[in-house]
Amino acid sequence: MTNSASESRIEEMDLLLQEVRSRNAMPLWEVNAQRGRPTVQPFLWRYLDYRDLLYRAADLVPMELAERRVFVFSNPGIDKHSATSSLYANLQIIKPGEIAPSHRHSPSALRLVIEGQGAYTAVNGEKSYMDPGDFVTTPSWTWHDHGNEGDAPMVWLDGLDVPFVQSLDANFYEQYPDSTHPLTKPDDLSLRMFGAGSLKPTWERRDSPNSPILNYKFERTYEALKALADDTDGSPYDGVTVEYTNPLNGGPAMPTIACFATLLRAGQRTQAHRHVGGTIYHVIEGSGSSIIAGTRFDWGPKDTFVVPSWHFHEHTAEEEAVLFSYNDSPVLQALNLYREEAMDAPHQEETEVFSS
Ligand code: 1HN
């Protein structure tokens with residue numbers, strides 16, 4: 001082609017592109033060539049950077065205005081306010097005497113209690129008082145309210161699949177006419193009925209994609225982790241990790257969110273691997289660091305960090321550490337999209353140290 005022939009071809013291509021765009025379409029080769037598309041970044045939110053702000057919000061923002069007094073962690077790599085493309089990680093604070101009124105929504109939710117005592121969550125007529133480290137489920141479309149009957153504010157981490165549900169245009173929400181939903185069951189009945197592991201009540205024939213257990217108490221989780229750590233090595237990649245399962249079918253606690261507790265022994269360093277399913281980690285206790293795609297993240301109690309999908313990661317515990325984590329792997333597994341692989345070498349090179 002002569003110079004002028006190729007120039008006129010470029011002009012014609014530009015014109016074509018403009019005309020296609022003006023008709024609300026886009027040639028695929030242009031879509032694919034777009035650089036710098038937003039992607040979830042590895043990131044860490046230090047609890048101490050937010051605690052004072054939460055307490056300030058507790059004084060300034062009345063519950064009637066906020067409905068839930070929540071800070072939504074925003075991943076700097078994406079243009080929506082969420083921790084990963086599919087999941088929320090939030091901090092919520094509730095003051096003594098307050099009630100966060102009853103509502104229900106199609107997104108599934110979980111709580112991991114960070115500080116305080118004396119607050120409860122009530123889900124579909126069952127109430128459970130929450131203590132630090134407890135993992136609480138609020139399945140899709142269940143009525144739930146929170147109340148603080150203690151004498152100090154209470155803070156927890158909320159996990160929700162709101163961005164995922166929104167991406168499917170399936171987000172529904174409803175307020176209960178009263179601030180609380182009537183209680184119809186003894187407190188913590190679900191844990192007494194279904195929390196005995198292999199012993200299941202015979203007269204209960206229900207199956208459900210949601211775990212019937214409202215509150216997986218930390219004490220029991222820690223006991224189980226310690227017992228495993230005494231007798232087994234655990235996973236070379238994840239340490240001694242247990243999944244909070246649905247006792248009705250052995251599946252994940254909720255159909256869209258898998259939740260885990262990990263114990264890392266003092267001095268333990270796991271091997272690097274990667275998998276799809278961007279994962280949110282929350283440090284229940286202990287301190288250490290994680291290398292995520294070459295960057296070292298130092299963490300301590302109550303911190304929260306994100307390992308994005310398909311990023312190599314490995315963890316090192318300085319002292320014994322217990323981590324809570326959750327991701328959308330049940331969705332990926334159900335749709336045959338799940339994959340994982342070990343890195344060729346056991347450990348990554350540390351090229352950077354994260355500072356926010
Ligand atoms: C929600 O219902 C709660 O019930 C917390 O505590 C955070 C974020 C988005 C949508 C609903 C709660 C939420 C939420």
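Nothing fancy with the numbering, it's 1 onward along the sequence. When a ligand or atom number is given, it counts from 1 through the structure's own listing order. Quick caveat, the model's predicted, so the values are computed rather than measured.
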Linked, directly or transitively: F71 and I114 (ILVMFWY side chains, under 4.5 Å): yes
Counterpart residues, side chain to side chain contact (heavy atoms under 4.5 Å, CB included), relative to E314 (two or more places apart): R269, T270, A272, I291, H347, Q348
Could you list, one pair per line, each nitrogen or oxygen of ligand 1 together with any protein nitrogen or oxygen closer than 3.5 Å, giving atom names and the distance rounded to 0.1 Å?
unit_1, atom_1, unit_2, atom_2, d
ligand 1, 2 (O), H103, NE2, 2.7
ligand 1, 2 (O), H105, NE2, 2.7
ligand 1, 4 (O), R68, NE, 2.8
ligand 1, 4 (O), R68, NH2, 3.4
ligand 1, 4 (O), H103, NE2, 3.3
ligand 1, 4 (O), R111, NH2, 3.4
ligand 1, 4 (O), H144, NE2, 2.9
ligand 1, 4 (O), H146, NE2, 3.4
ligand 1, 6 (O), R68, NE, 3.0
ligand 1, 6 (O), Q92, NE2, 2.9
ligand 1, 6 (O), R111, NH1, 3.0
ligand 1, 6 (O), H146, NE2, 2.7

Hydrophobic cluster of V123, others only, ordered by chain and residue number, side-chain cut-off 4.5 Å: M63, I94, V113, M130, V136, M154, W156, L214
Side chains of Y129 and Q117, donor plus acceptor under 3.5 Å: no
Short side-chain donor-acceptor distance under 3.5 Å, S211 and N246: no
Name every donor-acceptor pair, under 3.5 Å, that has one atom in a side chain of residues 283-290 and the other anywhere in the protein, sequence neighbours excluded.
unit_1, atom_1, unit_2, atom_2, d
S287, OG, E319, OE2, 3.1
S290, OG, W299, NE1, 2.8
S290, OG, H315, ND1, 2.7

